[in-house]
Structures are given as structure tokens and as C-alpha cells.
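Chain letters run A, B, ... following the sequence lines, proteins first and then strands; every chain starts at 1.
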Amino acid sequence: DAKTTQPNSMESNEEEPVHLPCNHSTISGTDYIHWYRQLPSQGPEYVIHGLTSNVNNRMASLAIAEDRKSSTLILHRATLRDAAVYYCILRAWGSGSARQLTFGSGTQLTVLP
Amino acid sequence: NAGVMQNPRHLVRRRGQEARLRCSPMKGHSHVYWYRQLPEEGLKFMVYLQKENIIDESGMPKERFSAEFPKEGPSILRIQQVVRGDSAAYFCASSPSDRNYGYTFGSGTRLTVV
């Protein structure tokens, strides 16, 4: 599986934007970029995913570099509820052995009031 | 839509007993994935099932662990003769297909082996 690299931890102030980076220099052409987050004592929660173009949904935005070797998850206005571990995951399209998500260690986001 | 339902939420077993963890996927989802999260560690894939079929069990320990997803009813993760090292949070996720949809995870079952 192509590997992703994320900072271990980040801090943000409440009500400010947060940019969570992810490097994936060995990404292949068929890899989708997925983001999940895990709040304390809960299961992971899907946030967003994309292939090449930037993506927006009600939770966040995903900015994908033109060469696709990196991406950034953007929370437009952090709240205390956004404090979680954020995982950046590559998932290949249509390959049997890569149907499952492979979680790394993620980025622990702390939101300061 | 109640989401992915896992039960029990907490399970305590003595060493040597059996643990049965249940997962009901979201309505309309026929693909189920089980993950394990050991204390202070990341999520590790265990097994991927579709109705009545195991598609990928590459993450399952070879002994004592089994999973099923019958035509009717929830998916079951079964751990026989539990040991202390099995203590972990077990999460189930579901998706409507194996294409690139997001997974919906349940809240997990926290197994404690005493």
C-alpha cells in the first residue's frame, strides 16, 4: 500500500481554520485520498475523499496538490468538537486486496478554547 | 437510519471463554469490515465480508478468531478461548459496495479479558 505521512499532532484555536497536511509521494494513479477522524472513545468517522480535484462537503474541504503527492484537509472553523485523531488514507480503486482501509497513526488535533 | 449498530458496547470475559461481537450494518449496506484497536495503538484491519462470503481475511489471526455474515442477521466476530492480549476495541464498518464509498463505522465493542 502507498504510505502517507502526517504530523503527529497539531493545535488550533477555536473558531479558526485548521489545515491538516498529508504527504503521499508514492501515490498511484488509481489511489483515492480518504480522510477519517476518530473522536475519543468512538469509532472512526468518514470526513471526505477525492481523487484529483478539490472537494468540499458540509464537514470540510480537501485540497489536493496538482501532482497529487500531498493533500490538505481544511476545517474552516474549528470547534471543540473537532478535537480528534485525523487519518489520511490512500485507497486503491477496484483492487481486491486494497478494498480495506489501512489506518496509520494520524494527526492528533487539539482545539484550544 | 440507525447507522452501524454494534453490541454489546462493553464485554468482559475471563480467560478461556468465548466472545461474540455483533454488528448490524446500515440498511442497504452489504459489505462489512472488522477492525481492532489495541490500547494505545492504531486501527488494524481484520476481515472483510459480504453476505455469506468472506472476501478478505488477511488481517485475522490464524487461530481462535472467526467471522461470519449470514444471509439474515448481523455479522458476528467470534473469539474462542480469549486471552488477555485480545483486550481491545473492535470496530465494525459497513459500505454499500466495494467501490470508493466512505465507510460508516459503529461505536465499537470494548472487550476486556480478565
If you compare all heavy atoms of B:Tyr33 against all heavy atoms of A:Arg91, which two are closest, and at what distance to 0.1 Å?
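Looking at all heavy atoms of both residues, the closest pair is OH-NH2, 3.9 Å.
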
Please look at B:Gln6 and chain A and tell me whether the side chain, the backbone, both or neither of the residue comes under 4.5 angstrom of a heavy atom of that chain.
neither

Residues, nucleotides or ligands: over 12 heavy atoms within 6.0 Å of [X] [atom1]:
| X | atom1 | answer |
| --- | --- | --- |
| A:Asn8 | CG | no |
| B:Glu63 | CD | no |
| B:Gln81 | CD | no |

Treating B:Tyr35 as the side-chain partner and A:Leu101 as the backbone partner, does any N or O pair qualify as donor plus acceptor under 3.5 Å?
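The answer is yes, because a donor-acceptor pair under 3.5 Å joins these two groups.
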
Is there a chain of hydrophobic side chains (I, L, V, M, F, W, Y, each step under 4.5 Å between heavy atoms) that links A:Met10 to A:Trp35?
yes

Are B:Tyr90 and B:Leu43 connected into the same hydrophobic cluster when the rule is that any two of I, L, V, M, F, W, Y join if their side-chain heavy atoms are below 4.5 Å apart?
no

In chain order, what residues pass the ring pair (Phe, Tyr, Trp, His ring centres under 6.0 Å) check against A:Tyr87, with sequence neighbours excluded?
A:Phe103

Run the ring pair (Phe, Tyr, Trp, His ring centres under 6.0 Å) test against B:Phe65 and tell me which residues pass, sequence neighbours left out.
none

Close approach to chain A in residues 106-114 of chain B, criterion heavy atom under 4.5 Å
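Against chain A, the residues of residues 106-114 of chain B that fall inside the cut-off (heavy atoms, under 4.5 Å) are B:Gly106, B:Ser107, B:Arg110.
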
Atom CZ in B:Phe105, atom CD in A:Gln38: separation rounded to 0.5 Å?
8.5 Å

Determine, step by step, whether B:Tyr103 and A:Glu45 satisfy the side-chain contact (heavy atoms from CB on, under 4.5 Å) criterion, reporting the C-alpha distance in whole Å, the side-chain angles of both residues, the deciding distance to 0.1 Å, and the verdict.
CA-CA 8 Å; B:Tyr103 290 9; A:Glu45 176 185 25; over 6 Å; no

Please name all residues satisfying side chain to side chain contact (heavy atoms under 4.5 Å, CB included) with A:Asn56, sequence neighbours left out, ordered by chain then number.
A:Ser61

